[in-house]
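On a predicted model such as this, the values are computed, not experimentally measured, just so you know. Both ligands and their constituent atoms are indexed starting at 1 by order of listing.
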Amino acid sequence: MTRGKLDAPVVLGSARAEHIESMIGQLAELSEGGPGVTRLAYSPLERRAHALFAQWMSDLGCSVTTDAAGNTIAERPGAVPGRPAIGVGSHLDSVYSGGRFDGIAGVVAGVELVRLLAEAGMTLEHPLRIVAFAGEEGARFGQACVGSKLAAGLTARHVLDELTDRSGTSLSAAMREIGLDPDSAAAQGWDADDWAVFLELHIEQGKVLENSGAAVGPVDLISGSTRLSFVMTGRPSHTGGTPMLNRSDALAAAAEAVLIAETLASDDTHRGTRATVGRLSVEPNSITTIPGRVTFSLDVRDIDADRQRRAVTEIVGRVMATCRRRKVTLEVNLIADTSPVVMPLWVRQALVAGAKELDVPYRVLGSGASHDAQMINTFVPTALLFVPSRDGLSHVPDEWTEFAQVATGVDVLARAVIGLDKSMTASERVASKEEL
Ligand code: GLV
Ligand code: MN
Ligand code: MN
């Protein structure tokens, strides 16, 4: 049961687009400069975004803490002491030159949800925790969902030393620079008993909702992602003096590798596989020297775990053959590997019920991108709700969702949270009677 003042019936208002616009605008100001938003994982700018979120939440009467991984958690107490929490949240970091909605929409949705409950004078039976995860984007360190993975206890301590950014700074060094302790981060995951369910609102980053005219999308499957780094070493020498038949050109080999990945993921046996080389660096990167060393990334995503791993093995096999033929040496390292996840039906049904209650058109769909929800779902039943992305664009400055569309998502999320609060309370009552 939700309780209002003097137990009078309480009426929840609607999320306000202008609140959402204002918060998203303030967060977008926290950027390194250049096109779009650049607020990288475990950077001082990301910390400033967390501090702003913490301020909003404490202004709304929540207690705010930061966990060892740098995730910020704001709690609104529940009416019944000792209950596990309902969690809501997403992330505040961005990719290089990204948009202002990826992750941000879900955090801001949590703030607006608390504002709606506070304005209605409504207290849930369970505590409500709004979470801003740290370091979700893999753009800086290669691995996605760092904060939520640490919360789930899924990251070994040595990984924090091994992951490095473009300038060679390790994730553990970056953590120390912003006052976090990597030893504690790897050792102190969240306590599963402390959480009942978790919900994340996120922009779709695809066109399914836009094309179907649905306003929200409860997610049934989240793609897995395998990320590799390749180092190809050839023989640098003079571009004029070296005949074409006597070369070991690392960039030419890398170019073949890019097309091997694209061709394989585009063939009929790999429907649904997505393979991308998104980062590539050439040494010495000179107009008059044959490229001697090329480093590049490969990201293979799929909603089918077997197909994901088979695609990776096949691409690496074909690239090895290319390198042998071209007399280029090859080193391949695994950066990260996550499996696809099926989201639990009973939590998703609360989102569907929320959409139906408000008569909001919905469509159940899969996610091509990775999400914190994927990691949290390994120890707390979790649901993910998409709102539309204009033209399906994301990870670019043009990423856009109307503020009113985010507000509609918040309204559905709010009904789902209230519905779960009631149904879990009812089932806890039944369980405790059965125990008697
Ligand atoms: C997160 O944005 C991802 O790369 O899927
Ligand atoms: Mn995201
Ligand atoms: Mn992203």
Side-chain angles (χ1 to χ4, degrees), residues 24 27-28 31 36-43 46 49-50 53 71 88-110 131-149 151 163 165 198-206 209 217 219 221-229 272-279 297-303 308 335-341 343 365-377 382-389 392-401 406 409:
I24 288 179
L27 285 163
S31 175
V37 176
T38 301
R39 189 172 54 244
L40 298 177
Y42 291 97
S43 65
E46 187 203 37
H50 279 248
F53 163 71
N71 303 310
V88 169
S90 193
H91 62 96
L92 287 175
D93 61 318
S94 81
V95 297
Y96 292 95
S97 298
R100 54 176 62 196
F101 294 87
D102 178 355
I104 315 310
V107 175
V108 159
V131 182
F133 289 106
E136 189 271 352
E137 299 289 1
R140 182 172 178 196
F141 293 105
Q143 189 190 86
C145 304
V146 173
S148 50
K149 232 177 148 176
L163 294 171
D165 68 7
F198 197 92
L199 298 100
E200 178 172 7
L201 178 147
H202 202 281
I203 55 166
E204 182 198 332
Q205 309 177 289
L209 294 180
V219 171
L221 278 167
I222 303 182
S223 292
S225 164
T226 305
R227 295 174 190 184
L228 302 169
S229 90
T273 309
R274 283 141 286 137
T276 312
V277 173
R279 190 159 74 192
S297 62
L298 174 71
D299 181 13
V300 177
R301 309 222 188 188
D302 211 309
I303 51 166
Q308 176 184 336
I335 302 172
D337 182 57
T338 37
S339 295
V341 171
M343 305 306 284
L365 76 174
S367 169
S370 310
H371 295 288
D372 292 311
Q374 204 169 342
M375 300 304 156
I376 298 307
N377 188 58
T382 298
L384 177 61
L385 181 70
F386 280 162
V387 290
S389 290
L393 289 174
S394 181
H395 283 187
V396 290
D398 281 348
E399 174 182 280
W400 193 259
T401 299
V406 179

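Side-chain contact between S367 and M343 is absent, with no heavy-atom pair separated by less than 4.5 Å. Put simply, the side chain of E136 does not reach to within 4.5 Å of the side chain of K149, judged on heavy atoms.
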Given the rule in the side chain to side chain contact (heavy atoms under 4.5 Å, CB included) test, do F198 and M375 qualify, once you have shown the distances and angles that lead to the verdict? CA-CA 11 Å; F198 197 92; M375 300 304 156; over 6 Å; no

S90 and E200: side-chain hydrogen bond (donor to acceptor under 3.5 Å, both in side chains), yes or no, with the steps? CA-CA 6 Å; S90 193; E200 178 172 7; 2.6 Å; yes

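Counting the atoms of ligand 1 from 1 in the order shown, those under 4.0 Å from a heavy atom of R301 are 3 (C), 4 (O), 5 (O). Every atom of ligand 1 is numbered from 1 in the order shown, and the set under 4.0 Å from a heavy atom of S370 is 1 (C), 3 (C), 5 (O). Short contacts between ligand 1 and A369, defined as distances under 4.0 Å to a heavy atom of the residue, involve ligand atoms 5 (O). Interface of H395 with ligand 1, defined as ligand atoms under 4.0 Å from a residue heavy atom, comprises 2 (O), 4 (O). Counting atoms of ligand 1 from 1 in the listed order, those under 4.0 Å from a heavy atom of E136 are 1 (C), 2 (O).
Residue contacts with ligand 1 for R227 involve side-chain atoms from C-beta outward but no N, CA, C or O (heavy atoms, distance under 4.0 Å).
At a cut-off of 2.8 Å, E137 is not counted among the residues with an N, O or S atom near the Mn ion (ligand 2). With 2.8 Å as the limit, D102 counts as an N, O or S neighbour of the Mn ion (ligand 3). Distance check for H91 against the Mn ion (ligand 2): an N/O/S atom falls below 2.8 Å.
Side-chain N/O atoms of S43 and R140 include no donor and acceptor closer than 3.5 Å.
Among protein heavy atoms, atom 2 (O) of ligand 1 sits closest to E137 OE1, 2.9 Å.
Proximity of a side-chain donor or acceptor of N377 to a complementary backbone N or O of T382 within less than 3.5 Å is detected.
Centroid-to-centroid, the aromatic rings of H371 and F386 come within less than 6.0 Å.
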